[in-house]
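Only heavy atoms go into these numbers, but all of them, side chains included; no hydrogens, no water, no symmetry mates. Numbers for residues simply follow the sequence, beginning at 1.
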Amino acid sequence: QVQLVESGGGWVQAGGSLRLSCAASGRTFSRYTVGWFRQAPGKEREFVVSINWDRGTTYYATSVKGRFTISRDNAKNTVYLQMNSLKPEDTAVYYCARSFLIATQTPSDFGSWGQGTQVTVSS
C-alpha cells in the first residue's frame, strides 16, 4: 500500500518562497500522475498543479501559474512544489495525491492522499 508524506509547510511573508515535498513509500510514482491540492478553512479542496511522472506533462491552476513549479526526483521518489511570490490567498493545507489518469484536475480521480502540510502566508 502506497503512503504519501508531505513536508516543508510553514509560515512565510507575502512575496516569499517555500518548497513542499511529497515522498512516497511502498511503491514509486512511476506510471502515475501526481497532483498538489490545497484547502483553506471553510472552502472546498482545489487543484493546484499536477505532473505525469513518466512524460513530465504538467498542468497548473491559473491562480498559481508563473509562481509555482512542480518537479520530481526519481532517485528519491519525491515530488516537489516550489512556491514563489506567495500571496495571503495561498494560505491553506496542501496535499499531494496520486492518480492513475494521465491528466485530471478532479480530487475524486486521485485515490491516494497524504496527510497535508500547512502553509501560512502573512501580509
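- Note on Phe47 and Val79: separate hydrophobic clusters, where clusters join Ile, Leu, Val, Met, Phe, Trp and Tyr whose side-chain heavy atoms are under 4.5 Å apart, directly or indirectly.
- Under a 3.5 Å cut-off, the side chain of Asn77 and the backbone N or O of Asn74 do not form any donor-acceptor pair.
- Pairing each heavy atom of Ala24 with each of Leu4, the nearest pair is CB-CD2, 3.7 Å.
- Under a cutoff of 6.0 Å and an axis angle of 45°, Arg38 and Tyr94 do not form a cation-pi pair.
- Between the side chains of Asp109 and Ser99, not a single donor N or O lies within less than 3.5 Å of an accepting N or O.
- Here the side chain of Ser50 pairs no donor or acceptor atom with the backbone of Val34 at under 3.5 angstrom.
- When atom types are taken as modelled, the side chain of Ser63 and the backbone of Ala61 share no donor-acceptor pair closer than 3.5 angstrom.
- Applying ring pair (Phe, Tyr, Trp, His ring centres under 6.0 Å) to Tyr32 and the options Trp53, Phe100, Phe110 leaves one that passes, Phe100.
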Start with the C-alpha distance between Ile51 and Thr33, add both sets of side-chain angles, then the distance that settles side-chain contact (heavy atoms from CB on, under 4.5 Å), and finish with yes or no. CA-CA 6 Å; Ile51 182 172; Thr33 292; over 6 Å; no

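- Criterion: ILVMFWY side-chain heavy atoms under 4.5 Å apart, direct or through other members. Under it, Tyr59 and Val64 are not part of a common hydrophobic cluster.
- The cluster map of Ile, Leu, Val, Met, Phe, Trp and Tyr, joined by side-chain heavy atoms under 4.5 Å apart, puts Trp113 and Val48 in different clusters.
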Applying side-chain contact (heavy atoms from CB on, under 4.5 Å), run through Gln82 and Leu18 and close with a yes or a no. CA-CA 6 Å; Gln82 179 66 46; Leu18 208 60; over 6 Å; no

Thr91/Gln118 under side-chain contact (heavy atoms from CB on, under 4.5 Å): CA gap, chis, key distance, verdict: CA-CA 8 Å; Thr91 297; Gln118 177 70 47; 4.0 Å; yes

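- Distance check, rounded to the nearest 0.5 Å: CD1 of Ile70 to CE of Met83 gives 12.0 Å.
- When hydrophobic clusters are built by joining Ile, Leu, Val, Met, Phe, Trp and Tyr residues whose side-chain heavy atoms come closer than 4.5 Å, directly or via intermediates, Val93 is grouped together with Phe37.
- Residues Thr69 and Tyr60 have side chains in contact (heavy-atom distance under 4.5 Å, counting atoms from C-beta outward).
- Listed for the Ser21 side chain is no donor-acceptor partner under 3.5 Å among the backbone atoms of Gly8.
- Contact of the Gln105 side chain with the Glu46 side chain is not registered, since no non-hydrogen atoms from C-beta on lie closer than 4.5 Å.
- Across Ala14 and Pro88, no two heavy atoms sit closer than the pair CB-CD, 4.2 Å.
- From Asn52, atom CG reaches atom OG1 of Thr104 across 12.0 Å, with rounding to the nearest 0.5 Å.
- Side chains of Arg19 and Tyr80: no donor on one and acceptor on the other come within 3.5 Å.
- Side chain of Ser17 to backbone of Asn84: no donor-acceptor contact under 3.5 angstrom is found.
- For Thr106 (side chain) and Ser108 (main-chain N/O), no donor-acceptor pair under 3.5 Å exists by modelled atom type.
- In this structure, Arg72 and Asp54 approach most closely via the heavy-atom pair NH2-O, 4.2 Å.
- Taking the ring axis of Tyr95 as reference, the NZ or CZ atom of Arg45 stays within 45° of it and closer than 6.0 Å to the ring centre.
- Closest of all the heavy-atom pairs between Asp90 and Val121 is CB-CG2, 4.3 Å.
- In this structure, Val12 is a member of the same hydrophobic cluster as Leu81, with clusters built from ILVMFWY side-chain heavy atoms closer than 4.5 Å.
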Leu20 and Trp36: CA distance, side-chain angles, deciding distance, side-chain contact (heavy atoms from CB on, under 4.5 Å) verdict: CA-CA 10 Å; Leu20 306 183; Trp36 284 97; 3.7 Å; yes

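- For Glu89, the CD atom counts as densely surrounded, since its 6.0 Å shell holds more than 12 non-hydrogen atoms of other residues, nucleotides or ligands.
- In this structure a side-chain-to-backbone donor-acceptor pair under 3.5 Å is present from Glu6 to Cys96.
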